[in-house]
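Because only heavy atoms are used, hydrogens play no part in the values below, and waters and symmetry mates are left out as well, while side chains stay in. Predicted model, so just to flag it, every value in this text is computed and none were measured.
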Amino acid sequence: MIIEETSSPLSVFDFRVMPKSANTNLSVTRKSEASFFGQDGYLHFAQPGQNWLTYSENATNSAWLKVGTSVSIPGSITAIDGSETGNKIIESSSSGEHRITRELNVARNVPITVSIYLKAATCSRVQLSFSNGSSFKGGNPGVKFNLSNGTFISTSSNVTSYQAINCGNGWWRLKLSGVPDLGTQSGFHLYMLNDSNNTSYSGSTSKFLYAWGAQFEQGTNLSTYTPTTVAPYLGLRFNYDLASLSLTGALIEPATTNSVRYSQVFDNSFWRKENASAVRSGSRSPDGKTYAFKIKENSNSSVHYIAPASNLSTNTDSVYTFSAFLKYSERKWAYFNIIGHTVHFDLANRVIGNRSDVITSASIKNAGNGWVRCSATFKAKSSESSVKIGTEISNGATSYRGDGSSGILIWGAQLEKGSQMTSYIRTNGSTVTRSADIVTLAKPSSSSECDILVQRKDGRTWVNDISGSYQVAPSGTEVQYVNFYDSSETSTGDGDDPTAVEQQLDYTSIGPTGTMLDILSNSYMSQTPSKSWSLQKATNTRAPIYRMQVNAGDRWSGDANNQNRERSEFYSKNNNLPFNKDVWLSFSVRLAEGSSLNLSSGEFCYLGQFHASEDDRDISSAPVLGFKLEGDDTISICTCSTTSNPHTVSPKAVVRGTTRFNRGVWQKIVVRVRFSPTNGQLQWWQNGKQLLNLSGIGIGYPDASGPYWKFGIYRSPMSFTTAVEYANMELEHDSSLYSRVSNPLSIL
């Protein structure tokens, strides 16, 4: 879908900014708590429900209207949460009403509920009612209540439901529900009453009561109270990037279950200790509130780990992801052993070390304050799966003589069904399910049908011809904004239409060499000269676009001993690919505008390559499969192979096919390859057209581990600049990407 230049959205739901007020066109429900990273850099747990009010515990704020009253927070009134933040509402001596009020926009014919914690003092009688009687048949629904004895004095006939909950220490949570069946302007009043239960009377400054924790929400059910300050809580989890502490979007996730019990309590008998102990440390956990544990090695010469005492229940042949929050202490290396296979993590440098092919993917992500969250994805082989978390002295060195005190910090273990790690779910004595986020957006009334753009952190999707409200599909990455367009003002396209108007790309630097990124379920590390132009990302497009640029003399620090190389690349060296099995690659690539290369003899420029994982005695050789940019913007696909083991002579590259890329135009590429020194296979498609279909050829070397994928610019020293862009980089070996030949992912 291409948006024409004259099109503008009918409505925009922007989740990259915190809301200042409630939005009646947005409905959010989730039946469980769920976690997110806040702007303070810590993990938080959002409760179900909503609270449309700002300053829910501070009625002194100007958001609260005071009529015949004054409000203070003395600092000596113990509230429900144990803090000394109770509000004191005092009558004035004037004649008339004595109340505090909030005004809100509401949805017509949709039930609403208000609640507030109240405690009697020298005033014990109150009335809680909705405001703006013109929005309700029969006027404002309301109840009168006696705080001293917990009895309702009266209720109006149009109250949908009401309730008083005894919260102890004199506090009552008073709840009122009604339906604004005539209008969209409402809110609520909290009146102080005299002994005759009147709302209008001559007041006295000696009369006061206590209040705290107000909540306003859609529906008739009373939700768990959620405090607010400058922004309402709409039920959404606004997730923050821990590096920049900038808001990245809203988490709208599917349901999943954490199968690990006592996920934070590692000294519980649920956890078995092998040549190690789990002791409470003095370090704060990622939520900043609880304390982490330390896996402390003993002095035996052996492996040192903790594991569930019994294997965890799994479904045979289903994909699972195991994760845990870890932090380096005396040891910086840690490992997961899952169904007998390991993946290793450098906790200090956030780097993945050795990884078994049984672990189909792994990640290590910043979790703030020195913490990382490590994950490993695997396919269960039986109805039970073992998981172990251990310390090690270096990459892969799991067995060693401990010193009796060293170790790593741990918190928040999780096993969930699925191919990626989702937000953390805390457990105690039983497994816990996080229910799905159900987010429904109202369609603008000005259009009969809408096309909807959903921008997520990792790309865009379009939904066409929607005639009603739209429920946002859950996913593993943050939703940044959702735009509604009039279907009659948009036109369809395949994302490569050269006449389409593309958004102005806003490029920002990815960061220095060694930066880790997740791109469509695969983790990549950069190898660049760390220049501002070396590796950039455009974030305002349907799919993130990565731009690599190499100028004359741009050298990666890792090439210090090889001055015959210039590069700016992503690589997934810890994602070794299998032999004799289909490996699929799908991506879009665009050469920057400019003149074609004019290569002399001996010069080269690769745009992507499958690099061999050389054994100890092998020499470093040419890529087993590479895409080379040559003169006249010709692209050659080349392969190398040998049966020598070890191989001490670099094999000669064989050109298997060529094509041409038009500069400034996106090219959609799909490749299927089977790596084998003697019986390899290769298919290659460009823009839906098959260019190659070969079998029985040599692709690769007889190495212990298969090759890994790299993309970007890797060239011999040149006097001119090379720049290229990539989007939608997909790499799979457990499922086919053949559908991308005719249905590539969108870019524009």
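Arg350 meets the salt bridge (Lys or Arg N to Asp or Glu O under 4.0 Å) test with no other residue; sequence neighbours excluded. Residues forming a salt bridge (Lys or Arg N to Asp or Glu O under 4.0 Å) with Arg547 (at least two apart in sequence, or on another chain): none. For Phe136, the ring-ring contact (aromatic ring centres under 6.0 Å, His included) criterion is met by Phe130, not counting sequence neighbours. By the ring-ring contact (aromatic ring centres under 6.0 Å, His included) test, Phe188 is found to be paired with Trp64, residues two or more places apart in sequence or in another chain being considered. Among residues two or more places apart in sequence or in another chain, the salt bridge (Lys or Arg N to Asp or Glu O under 4.0 Å) test is passed with Lys710 by Glu569. Partners of Ser35 by side-chain contact (heavy atoms from CB on, under 4.5 Å), not counting sequence neighbours, listed by chain and number: Leu43, Phe45, Ser423, Tyr424. Remark: Ser246 engages Asp241, Ser244 in a side-chain contact (heavy atoms from CB on, under 4.5 Å) (not counting sequence neighbours). Residues satisfying the side chain to side chain donor-acceptor pair (under 3.5 Å) test with Asn221, not counting sequence neighbours, are none. Residues satisfying the salt bridge (Lys or Arg N to Asp or Glu O under 4.0 Å) test with Arg237, not counting sequence neighbours, are Glu253, Asp437. For His44, the ring-ring contact (aromatic ring centres under 6.0 Å, His included) partners at least two apart in sequence or on another chain are Phe36. Partners of Asn743 by side chain to side chain donor-acceptor pair (under 3.5 Å), not counting sequence neighbours: none found. Applying the ring-ring contact (aromatic ring centres under 6.0 Å, His included) rule to Phe238 yields no partners; only residues at least two apart in sequence or on another chain are considered.
Residues Tyr470 and Val463 share a closest heavy-atom pair of OH-CG2, 3.5 Å. In plain terms, the two heavy atoms of Leu26 and Val439 that are nearest each other are CD1-CG1, 3.7 Å. The two residues Thr377 and Gly418 come nearest to each other via the heavy atoms CG2-O, 4.3 Å. The two residues Leu245 and Gly38 make their nearest non-hydrogen contact at CD2-O, 4.5 Å. Scanning all heavy atoms of the two residues, the minimum distance from Ile352 to Ile364 falls at CG1-CG2, 3.8 Å. Residues Asn464 and Asp451 come closest through the heavy atom pair CA-OD1, 3.2 Å.
Side-chain atoms of Thr257 do not come within 3.5 Å of backbone N or O of Ser259 as any donor-acceptor pair. Within the 3.5 Å criterion, the main-chain N or O of Pro232 finds no donor-acceptor partner in the side chain of Lys20. Although no hydrogens or angles enter the test, the distance criterion places no donor-acceptor pair under 3.5 Å between the side chain of Ser435 and the main chain of Ala255. When atom types are taken as modelled, the side chain of Ser526 and the backbone of Thr515 share a donor-acceptor pair closer than 3.5 angstrom.
Using the six-membered ring where Trp is involved, Trp584 and Trp685 have ring planes that are parallel, under 30° apart on the 30 and 60° scheme.
Judged by distance alone, the side chains of Thr160 and Ser177 never bring a donor and an acceptor atom under 3.5 Å apart. Side chains of Ser586 and Lys668: no donor on one and acceptor on the other come within 3.5 Å. Between the side chains of Glu217 and Asn51, no donor-acceptor pair of N or O atoms lies under 3.5 Å.
By the 4.5 Å heavy-atom criterion applied to side chains, Leu520 and Leu745 are counted as neighbours. The closest side-chain heavy-atom distance from Asn366 to Val372 is not below 4.5 Å. Side-chain contact check for Ser11 versus Pro444: some heavy-atom pair is nearer than 4.5 Å. No side-chain heavy atom of Gln536 sits under 4.5 Å from any side-chain heavy atom of Thr508.
Asp518 has a carboxylate O that lies under 4.0 Å from a charged side-chain N of Lys365, or vice versa, which qualifies the two as a salt bridge. Between Glu730 and Arg740 there is a salt bridge, since at least one side-chain N of the basic residue sits less than 4.0 Å from a carboxylate O of the acidic one. A salt bridge is absent between Arg108 and Asp181; no separation between the charged side-chain nitrogens and carboxylate oxygens falls under 4.0 Å.
The ring of Phe570 has its center closer than 6.0 angstrom to the ring center of Phe711. Between Tyr571 and Tyr524, the ring center distance fails the sub-6.0 Å criterion.
Few gaps surround CD on Gln690; more than 12 heavy atoms of other groups in view lie less than 6.0 Å from it.
A distance of 11.5 Å separates CG of Leu441 from CD1 of Ile466, quoted to the nearest 0.5 Å.
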